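Only one structure is covered here, and it is reproduced in the block below.
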Amino acid sequence: MARKQTSFKWLKIGLLGLLAVVGIWQFWLTPPAYHNEILFTGGDIVTVTQGTKEAMLVRDGRIVAIGTKAEVTALASGDAQQYDLEGKALLPGLIEPHTHPIATAQFGAAVDISGFTHSNRAEVMQTLKEAAEQWSPNGWTIAFGWDPVMVDDLEPPTLAELDALSAEKPLVILTQMMHDAYANSAALKAAAIGPNTPNPVGGEFVRDADGKLTGTVREVNAIGQLFSHVPPPPAGSIELITNMQFGAYARAGFTTIAAAGLVSTAHDQVTMYKRLAAHPDAPVQAIMYGLPNQLPAQGGPQAATEPGAIIGVKFWMDGSPYAGGAATDEPYTVSDLTVQRLHLPPGHIAPLNYDAMSFQQAFETYHRRGYQVAVHVQGERAVEQTLDVVSTVQAAYPNPGLHHRMEHNALITSGQLARAKTLGMTTSFFVDHVTFYGHRLPEIFGPERTAHYMPVKAAIDAGLRVSLHADNPATPIGPMRTFAAAVTRQPHRGGPKVAPDQAITRLEALRAMTIDAAWQLGLAEERGSLEVGKAADLVILSANPLTAPEESLATITAEATWISGRRIDSRKTTAANAALLWEVTKGLF
Ligand SMILES: [Zn+2]
């Protein structure tokens, strides 16, 4: 107990010190000033829809001219800010159409055991052991990123192992794909989960042959039940780290993000998200798809241009390919990886999270209210049931302007893509699976299915408008890594390219991260390309991704962003963050 109080005192002193530093920075480093008129020249101006130009003029937050340097300069007033791109590229601000900002912020604060930073099981267990021995603010140890596909020898932990790591203190490990968690006995007890606890719909507390809990917790509703018992962090701290997370998207080059369901443990997270999105200095334009219980009881979606707008609703039809959760037509491939590491029985076929009738009832409700529905689908059966329901409901209540979304689409077939097109649907691909998991796909799905995995090209060929996403925190933020993955299909560990036929052109990839993502979110009139009349949502990239050498694509960085002509201050030390930090600090005394 004495140790706890001492640590707490140091935490308070540390926070006060940080606050002082932030205050001093604020005093000396005021954010860049807003300029009414900005003239950009000196680098490639990549419009995405109308080729590459020499100059662009922004006035009162809107693009008013694009063209040759002579033409555009002639239109600028005498006191326009002259912005020399110095050979770098100006593009429309990037759009992330499927991310989880609050969860990314929270898991960023958890113990990192991911395959991005660990290469074998011994390293992962050592990190867990050290973390479990340390003091933690809420008395629980929460680790994130358990990844048996990226970490070659990572067998699931037994309950005995989890209890050996931490006998008294609750320990919860969340897998990288967030479809499984492992809890020690102390955590199960604290969450009031026992051998007789019923499984929630769409979730499972896994039991062995004798009916004893194994510590494994499967799928979102069971994991949510477990996490609902984790003591909350200091009041206001999630709001602070979420706003810092918004800044991280801006630093990466994004000007618009859409949360695909708020899946954090934050209290009243919709209100918090909307409040941060509506702040006049928000570093990114944030909108969202809600879980069914996050939507208002009545009425339809808000306009996507409203800060924090709930534009749609999110469902999960199946789970993660790397946790045995993809609802495929054919069983998972039998291999050491699937049987020994993922512990899938030979012949494993994943269930769907909904039967057709219950999904149809839910879908119909939101479709009729005018909400766009975004459905997580990985295996062919998940896609098929989604298409069947959309087809039935669109026939009964036609709304051709409502482009329902399918998310990730690992194993979607060309026939299904054609059907999606006729139903007016749109697809968003998690193409970074190729980057991080591509080298192991043949062991999970065999060579044939690997040969058309994440078929982005086939979707474009079918006439669909596609977007690309990183689904943070499932993978780290890194838009140019995503871009490179779509263009090269190269796994980061080397080895053969994954389904190289599914590579798309650089312009197609850029469209998928700008104008087509904007269209998917209902924002294409306003954002997503550099065109006269559109909002000046901009990013400067260190090189033009349409012409840079292929091997350098993933390393292109964002240098600045603007939203409606407002230069974004994406530092952690903004006035808004200082104010949020002050609220947290006050609450500790
Ligand atoms: Zn997601």
Side-chain angles (χ1 to χ4, degrees), residues 95-108 114 144-145 147 149 174-181 202-203 218-221 223-224 227 242 245 248-249 254 256-266 269-270 273 286-295 310-323 325-327 350 353-354 372-379 382-383 386 404-412 426-437 454 466-479 481-482 485 512-513 517 520-521:
I95 297 177
E96 170 53 87
H98 181 139
T99 184
H100 303 279
I102 311 175
T104 305
Q106 277 194 297
F107 292 129
S114 73
F144 174 60
D147 194 336
V149 184
L174 192 61
T175 60
Q176 184 62 34
M177 287 296 151
M178 299 190 290
H179 290 269
D180 284 308
R218 293 234 156 97
E219 291 302 334
V220 62
N221 290 342
I223 294 170
F227 270 90
T242 301
Q245 189 64 47
Y249 290 103
F254 292 108
T256 296
I257 60 168
L262 300 183
V263 293
S264 77
T265 60
Q269 50 190 330
V270 175
Y273 188 82
I287 56 177
M288 62 174 281
Y289 294 79
L291 307 185
N293 66 8
Q294 292 169 346
L295 266 56
I310 302 180
I311 62 165
V313 56
K314 170 76 184 293
F315 287 92
W316 281 260
M317 188 58 80
D318 63 350
S320 165
Y322 316 113
N353 289 341
Y354 296 87
Q372 186 188 36
V373 179
V375 190
H376 168 121
V377 292
Q378 293 284 24
V383 176
T386 303
H404 297 299
R405 289 175 53 161
M406 287 192 288
E407 306 302 301
H408 314 322
N409 304 295
L411 290 167
I412 194 168
T426 178
T427 45
S428 188
F429 284 89
F430 195 170
V431 74
D432 272 312
H433 278 208
V434 165
T435 314
F436 294 115
Y437 301 98
M454 290 290 166
V466 308
S467 68
L468 303 175
H469 62 251
D471 200 13
N472 332 99
T475 63
I477 293 179
R481 180 202 68 224
T482 303
M513 300 177 77
Q520 216 163 52
L521 300 172

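All ligand and atom numbering here is 1-based and tracks the order in the structure. Since the structure is predicted, the reported quantities are computational estimates derived from the model, not experimental observations. In what follows, residues are counted from 1 in the order of the sequence shown. What's counted below: heavy atoms across the whole structure, side chains too, no hydrogens, waters or symmetry copies.
With sequence neighbours excluded, the residues that form a ring pair (Phe, Tyr, Trp, His ring centres under 6.0 Å) with F144 are F107.
Judged purely by distance below 3.5 Å, without hydrogens or angles, the side chains of T104 and Q245 never pair a donor atom with an acceptor atom. Looking only at atom types and distance, the side chain of S114 has no donor-acceptor partner in the side chain of D147 under 3.5 Å away.
A tilted orientation is assigned to the rings of H408 and H98, their planes being inclined by 30° to 60°. Ring geometry for Y249 versus F254: interplanar angle over 60°, hence perpendicular rather than tilted (30 to 60°).
The minimum heavy-atom distance between I477 and P479, with the atom names listed, is CG2-CD, 4.1 Å.
Here the protein contributes H98 NE2, H100 NE2, D471 OD1 as N, O or S atoms under 2.8 Å from the Zn ion (ligand 1).
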